[in-house]
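A short worksheet on the structure shown next.
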Amino acid sequence: MSLLEVNNLKTYFHTRNGIVRAVDGVSFSVDKGKTIGIVGESGSGKSVSCYSLLGLLPMPPAKIEEGEAIFDRSTDLLSCGEKVLRTIRGKRIGMIFQDPMTSLNPYMRIADQIIEPLCLHMKMDKEKALKKAIHSLDEVGIPEPDNRINMYPHEFSGGMRQRVMIAMALITNPEILIADEPTTALDVTIQKQILDLIQTRQKELGTAVIFITHDLAVISEICEEVNIMYAGRIVEKTDTKSLFRTPKHAYTRSLLKSIPANQVKGEKLYTIPGLPPDTSQIIRGCAFRERNQIGDQNQCLTNSRPEFKEVEPGHWVQNCPGCLS
Amino acid sequence: MLRFIINRLLQGLLVLFALYTITFFLAKAMPGEPFTTEKNISEEAKAYQRAIYGLDKSLFEQYLRYPINILTKGSFALSTSKGRPVEDIIAQSFPNSLILGLSALGIAICIGVPLGVISAIRKNSWVDWGAMSIAMIGICVPAFTVGPLLQIYIASHLPGLKVAGWGSPADIILPALTLGLTTAAYLARLTRGGMLEILSQDFIRTAKAKGVPSNKLITKHALRGGLLPAIAFIGPSFAALISGSFIVETIFQVPGMGQHFVNAVIARDEFLLLGVALFFGFLIVIMNLAADILTGIMDPRVRLGSNQK
């Protein structure tokens, strides 16, 4: 069994304008030391599914309707309750976020923030924790860590702050690191550094990584397995190689087609037309039908949601004839 | 830091001088003069009195004389209605107002801040709704309603509390409550707003993801930023509280400084008026500076002298 197994996770938001089915039956699993990617447009439910695992969503309006997330063969993260969950998050599952500019507390010194997991979970005394914190800042490549640790977040650049976030998330040697678009807010040169850093630290510590992104280039670089999400569901799941070599689903193919580097110079860049469907409406049939240009729109299912099916060994896809043609 | 403080104090001097100018000419624009009474005083007697207080000089001379006397002799002139130096009148009444104001501020902070924090944590619950309704009432109901209500329903039923008067320490309680409740209400609303703003920030989610328990989340991560709006408000309102309130002092018979603001105008006592106005302005300048320094301590991003990126 895998380190983390998420089965049929459904997270709905009960808002005044109806029920938004942000995550609607998502299943994935992570093995020890491996990296999986979750890819999708904004609003496809990729972040919400990971926030659900750690209980980071404000409830209400969010509600986990169904599903389980078995961590380490024993604990269901979705039903174990806040007390148990608190001993897991920040200790055995670490998390880094999209915007390092706002994700660190501007009112606290780096030192106080970074030692917090150690003091909370390991009951370490402050002096020992500080030593370890300085060491871990050094490991993520922050120069003069014993000096820098006493500074405030605003005295760091964006890339440096993300390094601090990584150091803070990994300081307890967690078994899983959830990275929620950790490079989106950074410029390209820094992106590469941060990705390399995550990979290096992952190898050194044997951490499994769940990598949420909308950047397929990032996926190709660091993930072993990819889940493509659309409208709250996973539409395609396979290893990275076959995703790029033989993408099946029309949505995946559209995403690949819209990577600027793959296009002929001088031509208009390809974009997927339209917007993701409104998940507060019940979707009958294939959710991608209206935007499907690459497959055959007319063959898309209209009455029943497509099933998730293994079409080749290890290659799962939503079985909609229109999207697969 | 020191440069900032000196800078601000010099600015404060400028503010005080502007305040002096405006008050001086407004006082001069009042109809009548200090010695206008219903009694039939001879012109000679009036002229004699004017000469004592220097009111016979030209307007420009008077305008210059007052600040020069303050700077050279430390004298704030004689009060025309009381015949005593203005500095003595302030020195006598200000301590009472200070004690009252400090107690009122203490009450305001002890009630307002926790109420605001709880409302923010329990947003949109009946606790929040109830607290904010009470706060709204606290803001709307004026002191001249609260004061008599407290006298009728509390002072007359509890032994040890007097309806009015200023002698024993227990006499502070009711006027301080009257004065503090409005401030408490403002503080509650400001604290709630500040906390809600902070609690919706990304770094709170980060802290939660680290496994920080919810009570620590509030005290360690949210409170510091959440209190900033309340602190900005406390500065000037503290100055107002300790310089006395005419209404509260009248209701509870407190010999404080607030009465002089009104009585000086009624008596056309321009020196007393100038004295208390300048003193109030001085307090405002100092308290605003203190609030800014405190904000700098609480929020490292506005800390002075640090290199901003």
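Everything quoted here is computed from the prediction, not taken from an experiment.
A salt bridge links A:Glu116 with B:Lys220: at least one charged nitrogen is closer than 4.0 Å to a carboxylate oxygen.
Only the backbone of A:Leu104 has a heavy atom closer than 4.5 Å to any heavy atom of chain B. Looking at A:Met168, only its side chain comes within 4.5 Å of chain B, counting heavy atoms on both sides. Neither the backbone nor the side chain of A:Gln98 comes within less than 4.5 Å of any heavy atom in chain B. When heavy atoms are compared at a cutoff of 4.5 Å, B:Leu223 does not approach chain A at all.
Pairs engaging residues 94-123 of chain B under the ring pair (Phe, Tyr, Trp, His ring centres under 6.0 Å) rule: B:Phe94-B:Phe279 [sequence neighbours left out]. Applying the side-chain hydrogen bond (donor to acceptor under 3.5 Å, both in side chains) test to residues at least two apart or on different chains, none of the pairs has a partner in residues 103-125 of chain B. Sorted by first then second residue, the ring pair (Phe, Tyr, Trp, His ring centres under 6.0 Å) pairs that include residues 83-142 of chain A, not counting sequence neighbours, number zero.
Between A:Leu120 and B:Lys216 the shortest side-chain heavy-atom distance falls below 4.5 Å.
Environment of CD in A:Glu82: crowded, with over 12 heavy atoms of neighbouring residues, nucleotides or ligands closer than 6.0 Å. Counting heavy atoms of neighbouring residues, nucleotides and ligands inside a 6.0 Å radius, atom CZ of B:Phe282 does not exceed 12 of them.
The most heavy-atom pairs under 4.5 Å with chain B, out of A:Ser103, A:Pro153, A:Ala169, come from A:Ser103.
Between A:Pro106 and B:Pro300, the closest heavy-atom pair is O-CG, 2.9 Å.
Chain A is approached within less than 4.5 Å, heavy atom to heavy atom, by B:Ile198, B:Asp202, B:Phe203, B:Arg205, B:Thr206, B:Lys208, B:Ala209, B:Lys210, B:Gly211, B:Val212, B:Pro213 from residues 182-214 of chain B, ordered by number.
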